*Asks:* 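Structure below; questions to follow.
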Amino acid sequence: MNKIMIASVISCIFFVGCAHPDNATNNINDADEGQKTIVVSFYPLAFITQMIVGNHAHVVNLAGSQEIHEYALSPDDLKVLYDADLVVFLGSGLERWTEDVIPQLESKGISTLDVTHDMTLFSMSNEVEHNTHYSGLQENNEYDPHIWTDPIYAKEITQKIARAIIAIDEKNADVYTLNTQKSMDEFDLIDQEYVKGLKTCARRQTIISHEAFGYIARRYGITLHAIAGLSTMDEPSTQFLVALKEEAEAEGITHILVEKNSVQKFSQTVAQTAHLEMLPIYSLERVVPDNQKTYFDMMRENLQVLRIALQCE
């Protein structure tokens with residue numbers, strides 16, 4: 001447990017409508033009597049899980065509105081995990097706390113799901129595919145974990161979570177199966193919108209604040225030059241920022257897509273020195289402050305931002 005850092009207690013997050021897909025809190029006591037409690041590591045998994053269960057299970061979002069790369073497990077969070085019926089985490093080294101905690105939960109008979117286990121991820125070192133035949137408890141981020149930004153990968157995530165939920169709550173299997181199909185249909189629709197929206201563009205590349213959209217870039221044939229690496233805690237060197245500025249000028253890049261996170265200051269530096277217009281984009285890693293936008297809303301807004309930056313017809 002030496003790797004678990006004490007963080008401030010995560011505030012509960014409430015949304016309009018008890019069946020709203022963003023209605024995932026960090027209060028395990030909110031579960032109705034007899035309901036299963038599913039604890040998930042961060043927002044996209046919470047959204048998908050809530051879409052599947054509706055009102056039939058209680059979903060707890062550990063990270064809440066915190067940036068997943070900067071989130072640290074607290075003692076209160078540990079209690080929540082030990083009271084869960086199912087714990088869902090992405091894996092691939094994204095959630096550092098899982099290496100210590102997941103084996104302990106499993107020893108207590110708590111079901112767990114490592115979402116990226118047996119999924120094909122991309123290597124950041126040589127851009128090759130890799131099938132993750134491992135427990136998901138890696139010490140480094142050799143493989144890009146940001147699969148939730150890609151609607152086709154999101155479908156696979158949905159299927160895996162649904163199977164894990166049905167395994168612990170078979171009596172509601174019909175409801176979960178129906179909701180899963182509805183969710184997958186929505187992701188299919190978003191994929192079609194991206195294919196159409198990014199098909200005819202004057203440019204095929206732009207700059208982005210951190211390496212969270214590699215799967216989107218590969219799937220739809222665009223290039224996104226990232227300022228920071230896989231983690232928002234990465235800090236680019238001055239030499240790299242200068243090289244990025246020169247590349248922007250050489251390629252005629254006009255925009256930089258910026259998330260609200262710890263690397264925003266570097267994006268501002270590049271924008272000012274290269275005379276680029278900044279546009280907001282969501283990494284989909286956390287709940288937005290006003291709680292008015294869903295995961296699907298943010299995916300669609302990202303598409304519109306990409307279309308502006310790439311000058312699409």
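In this text the structure is predicted, and so the values were computed from the model without any measurement.
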*Asks:* Less than 3.5 Å apart, any donor N or O on the side chain of Ser74 or Asp77 sitting next to an acceptor on the other?
*Replies:* yes

*Asks:* Taking atom types as modelled and ignoring hydrogens, do the side chains of His255 and Glu277 form a donor-acceptor contact shorter than 3.5 angstrom?
*Replies:* yes

*Asks:* Out of curiosity, Thr149 OG1 to Ile281 CD1, how far, rounded to the nearest 0.5 Å?
*Replies:* 9.0 Å

*Asks:* Grab the two heavy atoms, one from Ile253 and one from Gln205, that are nearest each other, plus how far apart they are.
*Replies:*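 Shortest heavy-atom contact: CG1-O, 3.9 Å.
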
*Asks:* Treating Glu95 as the side-chain partner and Gly91 as the backbone partner, does any N or O pair qualify as donor plus acceptor under 3.5 Å?
*Replies:* yes

*Asks:* Thr37 side chain to Ala84 main-chain N or O, any donor-acceptor pair under 3.5 Å?
*Replies:*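 No, Thr37 side chain to Ala84 backbone: no donor-acceptor pair under 3.5 Å.
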
*Asks:* Could you check whether the rings of His210 and His146 sit parallel, tilted or perpendicular, using 30° and 60° as the cut-offs?
*Replies:* perpendicular

*Asks:* Please check: side-chain N/O of Tyr153 versus main-chain N/O of Thr120, any donor-acceptor pairing under 3.5 Å?
*Replies:*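 Yes, Tyr153 side chain to Thr120 backbone: donor-acceptor pair under 3.5 Å.
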
*Asks:* With side chain to side chain donor-acceptor pair (under 3.5 Å) as the criterion, how do Thr200 and Glu313 come out once you've worked through the C-alpha distance, each side chain's angles and the decisive distance to 0.1 Å?
*Replies:* CA-CA 6 Å; Thr200 308; Glu313 294 181 0; 4.7 Å; no

*Asks:* Can a side-chain donor-acceptor contact be found between Gln181 and Asp185 if the only test is distance below 3.5 angstrom?
*Replies:* yes

*Asks:* Which heavy atom of Ser283 sits nearest to which heavy atom of Trp148, and what is that distance?
*Replies:*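 Heavy-atom minimum between the residues: O-NE1, 2.9 Å.
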
*Asks:* I'd like to know if the side chain of Ser209 reaches the main chain of Glu259, judged simply by a donor and an acceptor atom lying under 3.5 Å from each other, with no hydrogens or angles considered.
*Replies:*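 Here the side-chain-to-backbone pair exists.
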
*Asks:* Would you verify whether the NZ or CZ of Arg219 falls within 45 degrees of the ring axis of Tyr194 while also being under 6.0 Å from that six-membered ring's centre?
*Replies:* no

*Asks:* Is any side-chain heavy atom of Lys36 closer than 4.5 Å to one of His58?
*Replies:*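 No, side chains not in contact.
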
*Asks:* Is any NZ, NE, NH1 or NH2 atom of the basic residue among Arg163 and Glu170 found under 4.0 Å from an Asp or Glu carboxylate oxygen of the other?
*Replies:*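 Salt bridge flag = no for Glu170 with Arg163.
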
*Asks:* Any side-chain heavy atom of Val88 sitting closer than 4.5 Å to one from Val39?
*Replies:*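 Heavy-atom side-chain distance check fails, nothing below 4.5 Å.
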
*Asks:* With the 4.5 Å side-chain cut-off for hydrophobic clustering, are Tyr176 and Leu178 part of the same group?
*Replies:*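 Shared cluster, no.
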
*Asks:* Within a strict 4.5 Å, meaning less than it, do heavy atoms of the Ile102 and Gln104 side chains meet?
*Replies:* no

*Asks:* What is the minimum heavy-atom distance between Gly197 and Cys312, and which atoms define it?
*Replies:*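 Shortest heavy-atom contact: O-CB, 3.6 Å.
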
*Asks:* Is the shortest heavy-atom distance from the side chain of Asn302 to the side chain of Met299 under 4.5 Å?
*Replies:*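 Answer no - side chains too far apart.
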
*Asks:* For a side chain to side chain contact (heavy atoms under 4.5 Å, CB included) check, start with the C-alpha distance between Leu257 and Leu306, then their side-chain angles and the critical distance, and finish with the verdict.
*Replies:* CA-CA 8 Å; Leu257 312 184; Leu306 285 167; 3.6 Å; yes

*Asks:* So which atom in Thr158 and which in Ile48 form the shortest heavy-atom distance, rounded to 0.1 Å?
*Replies:* OG1-CG2, 3.5 Å

*Asks:* Evaluate the side-chain proximity of Ile147 to Met119: yes if any heavy-atom separation is below 4.5 Å, no if none is.
*Replies:* yes

*Asks:* Between His56 and Ile165, is the side chain to side chain contact (heavy atoms under 4.5 Å, CB included) condition met? List the steps.
*Replies:* CA-CA 11 Å; His56 294 276; Ile165 294 171; over 6 Å; no

*Asks:* In terms of side-chain heavy atoms, does Asp297 have a donor or acceptor partner in Tyr282 at a distance below 3.5 Å?
*Replies:* no

*Asks:* Before you tell me yes or no, could you show the steps for Leu73 and Val101 under side chain to side chain contact (heavy atoms under 4.5 Å, CB included), namely the whole-Å CA-CA distance, both residues' side-chain angles and the distance that decides it to 0.1 Å?
*Replies:* CA-CA 10 Å; Leu73 199 66; Val101 177; 3.8 Å; yes

*Asks:* Take Glu249 and Lys245, measure what salt bridge (Lys or Arg N to Asp or Glu O under 4.0 Å) needs, and give me the verdict at the end.
*Replies:* CA-CA 6 Å; Glu249 293 172 345; Lys245 171 184 176 295; 2.7 Å; yes

*Asks:* Do Phe89 and Phe42 have ring centroids that are under 6.0 Å from one another?
*Replies:* no

*Asks:* Please name the pair of heavy atoms, one in Ile68 and one in Ser41, separated by the smallest distance, quoted to 0.1 Å.
*Replies:* CD1-O, 4.1 Å

*Asks:* For the pair Phe187 and Ile152, evaluate side chain to side chain contact (heavy atoms under 4.5 Å, CB included) and give the outcome as yes or no after the intermediate values.
*Replies:* CA-CA 7 Å; Phe187 283 122; Ile152 301 303; over 6 Å; no

*Asks:* What's the verdict on ring-ring contact (aromatic ring centres under 6.0 Å, His included) for Tyr215 and Phe122, showing C-alpha distance, side-chain angles and the deciding distance?
*Replies:* CA-CA 8 Å; Tyr215 292 94; Phe122 281 87; 5.6 Å; yes

*Asks:* Could you check whether any side-chain N or O of Asn61 sits under 3.5 Å from a backbone N or O of Gly64, counting only pairs where one atom can act as donor and the other as acceptor?
*Replies:* yes

*Asks:* Under 4.5 Å between side-chain heavy atoms, counting indirect links through other Ile/Leu/Val/Met/Phe/Trp/Tyr residues: same cluster for Ile190 and Met184 or not?
*Replies:*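 Result: no, two separate clusters.
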
*Asks:* Would you name the heavy atoms of Leu113 and Leu86 that are closest together and state the gap between them?
*Replies:* N-CD1, 4.3 Å

*Asks:* Taking Glu156 first and then Lys160, would you say they form a salt bridge - that is, a charged N and a carboxylate O separated by under 4.0 Å?
*Replies:*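 So Glu156 does not pair with Lys160 through a salt bridge.
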
*Asks:* Find the distance between CD1 (Ile308) and CG (Leu303) and round it off to the nearest 0.5 Å.
*Replies:* 10.0 Å

*Asks:* Decide whether Phe213 and Val195 are clustered together by the hydrophobic rule: side chain heavy atoms of Ile, Leu, Val, Met, Phe, Trp, Tyr closer than 4.5 Å, transitively.
*Replies:*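 Cluster IDs for Phe213 and Val195 match.
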
*Asks:* In Å and rounded to the nearest 0.5 Å, what is the NZ to CG distance from Lys293 to Leu284?
*Replies:*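 One gets 12.5 Å once the value is rounded to the nearest 0.5 Å.
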
*Asks:* Just so I know, are the side chains of Tyr43 and Glu285 near enough to count as touching, which here means a heavy-atom distance under 4.5 Å?
*Replies:*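 Side chain of Tyr43 against side chain of Glu285, heavy atoms only: no contact under 4.5 Å found.
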
*Asks:* CD of Glu193 to CG of Leu198: how many Å apart, nearest 0.5 Å?
*Replies:*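 It is 11.0 Å, given to the nearest 0.5 Å.
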
*Asks:* Between atom CZ of Phe296 and atom CE of Met51, what is the distance when rounded to the nearest 0.5 Å?
*Replies:* 4.0 Å

*Asks:* Any chance you could measure Gln50, atom CD, to Ile161, atom CD1, to the nearest 0.5 Å?
*Replies:*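 Reported to 0.5 Å precision, the distance equals 11.5 Å.
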
*Asks:* Looking at side-chain heavy atoms only, is the closest gap between Ile208 and Ile227 below 4.5 Å?
*Replies:* no

*Asks:* Do side-chain atoms of Arg218 reach the backbone of Gly214 as a donor and acceptor pair under 3.5 angstrom?
*Replies:*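 Flag set: sc Arg218 to bb Gly214 pair under 3.5 Å.
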
*Asks:* Can you confirm whether Ile52 sits close enough to Gln159 that some side-chain heavy atom of one is under 4.5 Å from a side-chain heavy atom of the other?
*Replies:*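 SC-SC contact between Ile52 and Gln159 ruled out.
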
